[in-house]
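Note that the coordinates shown come from a computational prediction; the quantities given were computed from them, not determined experimentally.
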Amino acid sequence: MDQTNERSNTTEDERGEPEWRIKQREFEQRKARVKLDLKTCTICGAENAKLCKGCGSVAYCSTACQRVDWRERGHRKACNKIRDERAAEAARAEAPPSPPRAVFYGPAPRSHADEVRARIAAEHEIARALREANPEPEQVNGRYGSRSCCSRQICQQCAAKFRGKPCPLCRTPASQTYAEELARIQRHVDNDVPEAMAQLATLHSGGRLGLVKSGQKAKALLKRAVALGFVPAMAQLAILYRDGDGIKPDRRKAKRLFRAAADRG
């Protein structure tokens with residue numbers, strides 16, 4: 001403790017004055033050095049030089065040094081630029097302030113926005129009434145199937161149209177064997193594509209494409225798809241729990257999955 005106090009007292013004694021006084025003295029020293037630099041010639045460094053009358057940023061000891069700086073070093077353009085900037089700044093400072101904007105009292109001009117909104121609302125109402133009076137017929141090809149090549153959805157009618165042909169979405173040639181078809185689906189399953197998981201689960205639960213019917217494998221795949229947030233897999237797994245096709249039926253889990261799928265549309 002005694003050594004610490006001695007150090008702090010020594011530091012204060014060495015300063016001898018507050019911090020703002022030290023900074024003030026350093027500023028005055030820098031200012032004196034700048035004045036001293038302006039008293040020396042820019043070209044030859046001689047003492048007692050005179051400042052340039054145009055800009056005051058350089059000093060010369062003689063006319064010869066001034067000519068060297070003006071002709072060879074291009075101080076003429078710099079000097080003219082500095083003078084123009086100072087003149088413009090002085091003009092802006094002396095310019096009178098702009099008059100205040102006039103204030104108008106009274107109702108604001110009409111923009112007809114209310115009329116446009118009313119017209120658009122009326123058009124929407126007419127279109128809604130027409131849709132209710134003439135409902136669109138239900139599409140026959142409303143069911144969708146997933147492609148094994150790209151795991152994207154197309155309707156059953158298009159799937160039948162392009163059976164045996166390259167995929168209309170990714171242009172991949174059609175698979176020739178069951179093994180090639182399963183390899184394509186498995187590749188997407190390994191890449192965590194939920195559509196491919198649901199498709200492979202359907203094949204396992206139905207025993208298609210040469211697979212052995214297995215409800216447990218279908219259940220595992222559908223659980224992975226549900227964990228990834230795939231809503232159709234929720235309904236598919238709920239049906240599997242409800243019917244107990246190859247697994248132990250569990251109506252409580254089926255109800256919970258049906259409700260989760262319904263909440264997500």
**Close side-chain approach of R224 to V189, heavy-atom, < 4.5 Å** = yes
**Message:** With rounding to the nearest 0.5 angstrom, report the CD1 to CD distance, I185 to E180.
**Reply:** 11.5 Å
**Request:** Spell out, yes or no, whether V231 and L237 are grouped together once hydrophobic residues are joined by side-chain heavy atoms under 4.5 Å, including indirect joins.
**Result:** no
**Message:** Within the 4.5 Å heavy-atom criterion, are F258 and I239 side-chain neighbours or not?
**Reply:** yes
**Item:** Contact check, side chains of M197 and L222, non-hydrogen atoms, under 4.5 Å
**Value:** no
**Asked** Does the pair R119/E115 count as a salt bridge with the N-to-O cut at 4.0 Å?
**Response** no
**Item:** Crowding at CZ, R251 (>12 non-hydrogen neighbours, <6.0 Å)
**Value:** no
**Complete:** dist L240:CG -> K219:NZ (nearest 0.5 Å) comes out at 8.5 Å
**Request:** Taking R242 for its side chain and K255 for its backbone only, find out whether a donor-acceptor pair lies under 3.5 Å.
**Result:** no
**Message:** To check you understand the geometry: which heavy-atom pair defines the closest contact between F230 and A198, and what is its length?
**Reply:** CE2-CB, 3.8 Å
**Request:** State, yes or no, whether a side-chain contact exists between C61 and Q66 at a heavy-atom distance under 4.5 Å.
**Result:** no
**Student check: side-chain heavy atoms of V226 and K223 closer than 4.5 Å** = no
**Request:** For the pair R187 and D190, find out whether any cationic side-chain nitrogen is under 4.0 Å from an anionic carboxylate oxygen.
**Result:** no
**Request:** May I ask you to check whether over 12 heavy atoms, not counting those of R83, lie within 6.0 Å of atom CZ?
**Result:** yes
**Request:** Say whether L228 and L221 are linked into one hydrophobic cluster, either directly or through other cluster members, by side-chain heavy-atom distances under 4.5 angstrom.
**Result:** yes
**Item:** Shared hydrophobic cluster for I247 and L211 (ILVMFWY, side-chain gaps under 4.5 Å)
**Value:** no
**Item:** Intermediate values then yes/no, salt bridge (charged side-chain N to carboxylate O under 4.0 Å, His left out), D84 and K81
**Value:** CA-CA 5 Å; D84 295 341; K81 184 178 180 181; over 6 Å; no
**Item:** Exam field: side chain N191 to backbone V193, donor-acceptor pair closer than 3.5 Å
**Value:** no
**Item:** Closest non-hydrogen atom pair, C79 against C52
**Value:** SG-SG, 3.9 Å
**Prompt:** Which pair of non-hydrogen atoms, one from K248 and one from Y241, has the smallest distance, and what is that distance?
**Reply:** O-CD2, 4.2 Å
**Request:** Compare all side-chain heavy atoms of T177 with those of L182 and state whether any distance is below 4.5 angstrom.
**Result:** no
**Request:** List the atom of A196, the atom of H188, and the distance in Å for their closest heavy-atom pair.
**Result:** CB-CB, 3.4 Å
**Asked** Between L200 and H204, is any pair of side-chain heavy atoms under 4.5 Å apart?
**Response** yes
**Message:** Does E89 have more than 12 heavy atoms from other residues, nucleotides or ligands lying within 6.0 Å of its CD?
**Reply:** no
